[in-house]
Amino acid sequence: MQSIARAMEVLSIFHQVDRPLSLQEIASMTGLGRSNVQRIVFTLRSLGYITRDPDDRGYVPGLRLLDHSLDFLRLNPVVVKATPILLELRRAVRERVDLSIWDDLRLVYASRLQSKREILTSTFLGYSVPVFCVSGGWAILSQLDEDEVSDIIERSHRAPLTPLTITDPDLLKDKIRETRENGYALALEQILPGEIAIGAAILDQAQRPVAAIHVAGSLAEWTPEEFTRQFAPLLIQAARTISRG
């Protein structure tokens, strides 16, 4: 079991970087000895989970990891239930539609249906954002009791992502209460300048939030009032349909 844990630790270290890593760098970042890292990397490389960078500058994740991403997407019940509904929602709104899975202090994107304007990171599955400052996160938090909301906000690293990111705990709780009353969350320029997004929570059979769907557009094209009027009813209906599925 310890060997499995160490192998996963080596693979997980790539979450923190945007370049290939040498054996010494992997050892330093994991705290494992170089000889241990060398054995782990050799095994993972032989299995296809780590490979050499094409320019031979170090090690990068291998293609076999995508097999497991596919397994998650095709076997996760929320993703499976949501996919046809998200496609229909995307056809109706003609803006970006996302599905994100709740993982404690973050949301992880499991589906991203693009609009006519995108940046690179908004196309990546597996990309994550903090729960505390996104429409889907507010929608999920609105389904929790006040104690759990307070705990998540306090444990969050509330660093602003834009000049308008809300980081004050009391203001965040106000937004979450507003979301609870409305049945959807409206977020303006919380993680990207010029972006408007609305989110709604997906609930499991125990009525606990497990995921969220969101529609995102540009404030250069929409006022908050018009965006909400056009898309909030469709979003709420889609979330309810997935939750019932």
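Source: prediction; values computed, not measured. Numbers for residues simply follow the sequence, beginning at 1. Side chains are part of it too, since the values below use all heavy atoms of this structure and drop only hydrogens, waters and symmetry mates.
- Checking side-chain atoms of Gln143 against main-chain N and O of Pro209 turns up no donor-acceptor pair under 3.5 Å.
- Atom CG of Leu172 is separated from atom CZ of Arg177 by 10.5 Å, given to the nearest 0.5 angstrom.
- A salt bridge between Arg96 and Asp98 is present, with a side-chain N of the basic residue lying under 4.0 Å from a carboxylate O of the acidic one.
- Leu65 is connected to Val41 through a chain of hydrophobic side-chain contacts under 4.5 Å among Ile, Leu, Val, Met, Phe, Trp and Tyr, so both are in one cluster.
- When every heavy atom of Ser135 is checked against every heavy atom of Ile198, the shortest pair comes out as OG-C, 3.5 Å.
- Atom CD in Glu189 sits 11.5 Å away from atom CD1 in Ile166 (nearest 0.5 Å).
- A donor-acceptor contact under 3.5 angstrom links the side chains of Ser150 and Lys173, judged on distance only.
- Taking the centre of each ring, Trp222 and Phe231 come in below the 6.0 Å mark.
- Judged by a 6.0 Å distance limit and a 45° cone about the ring axis, Arg39 is not positioned over the six-membered ring of Phe42.
- Under 3.5 Å, the side chains of His68 and Tyr49 contain a donor-acceptor pair of N or O atoms.
- In summary, the aromatic rings of His214 and Tyr109 are positioned with their centroids under 6.0 Å apart.
- Using a distance-only test at 3.5 Å, with no hydrogens or angles considered, no donor-acceptor pair links the side chain of Trp138 to the main chain of Ala187.
- A distance-only check finds a donor-acceptor pair linking the side chain of Gln114 to the backbone of Arg112 [under 3.5 Å].
- Thr165 places a side-chain N or O within 3.5 Å of a backbone atom of Thr162 that can act as its donor or acceptor partner.
- Seen from the ring of Tyr59, Arg45 does not count as a face-on cation partner, given the 6.0 Å and 45° thresholds.
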Please assess Thr179 against Tyr184 for the test side-chain contact (heavy atoms from CB on, under 4.5 Å), listing each intermediate value before the final yes or no. CA-CA 5 Å; Thr179 299; Tyr184 63 89; 5.8 Å; no

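- Although no hydrogens or angles enter the test, the distance criterion places no donor-acceptor pair under 3.5 Å between the side chain of Ser156 and the main chain of Arg158.
- Using a distance-only test at 3.5 Å, with no hydrogens or angles considered, a donor-acceptor pair links the side chain of Arg180 to the main chain of Leu144.
- The main-chain N or O of Leu47 is found under 3.5 Å from a side-chain atom of Arg64 such that the two form a donor-acceptor pair.
- One finds the OG atom of Ser243 at 13.5 Å from the CZ atom of Arg208 (value rounded to the nearest 0.5 Å).
- In summary, Lys175 and Glu178 engage in a salt bridge, as defined by a charged side-chain N under 4.0 Å from a carboxylate O.
- With hydrogens and angles ignored, the 3.5 Å screen pairs a side-chain donor or acceptor of Asp145 with a backbone N or O of Asp147.
- Taken from CG in Leu105 to CG in Asp151, the straight-line distance is 8.0 Å, to the nearest 0.5 Å.
- Closest non-hydrogen pair, Arg90 versus Glu95, comes out as CD-O, 3.0 Å.
- Of the inter-residue distances, the one linking Asp204 atom CG with Gln207 atom CD reads 7.5 Å to the nearest 0.5 angstrom.
- The distance from atom CD of Gln190 to atom OG1 of Thr167, rounded to the nearest 0.5 Å, is 9.5 Å.
- When each of Val108, Leu125, Val79, Ile242 is tested with Leu99 by the rule side-chain contact (heavy atoms from CB on, under 4.5 Å), just one qualifies, namely Val79.
- The heavy-atom pair separating Gly183 from Ala200 by the smallest distance is O-CB, 4.4 Å.
- Salt-bridge formation is detected for the pair Asp104/Arg155: a Lys NZ or Arg NE/NH1/NH2 atom is positioned less than 4.0 Å from an Asp or Glu carboxylate oxygen.
- Of the charged side-chain nitrogens involved, none lies within less than 4.0 Å of a carboxylate oxygen, so that Arg34 and Glu25 do not count as a salt-bridged pair.
- Looking at Ser142, its side chain does come within 3.5 Å of a backbone N or O of Ala139 through a donor-acceptor pair.
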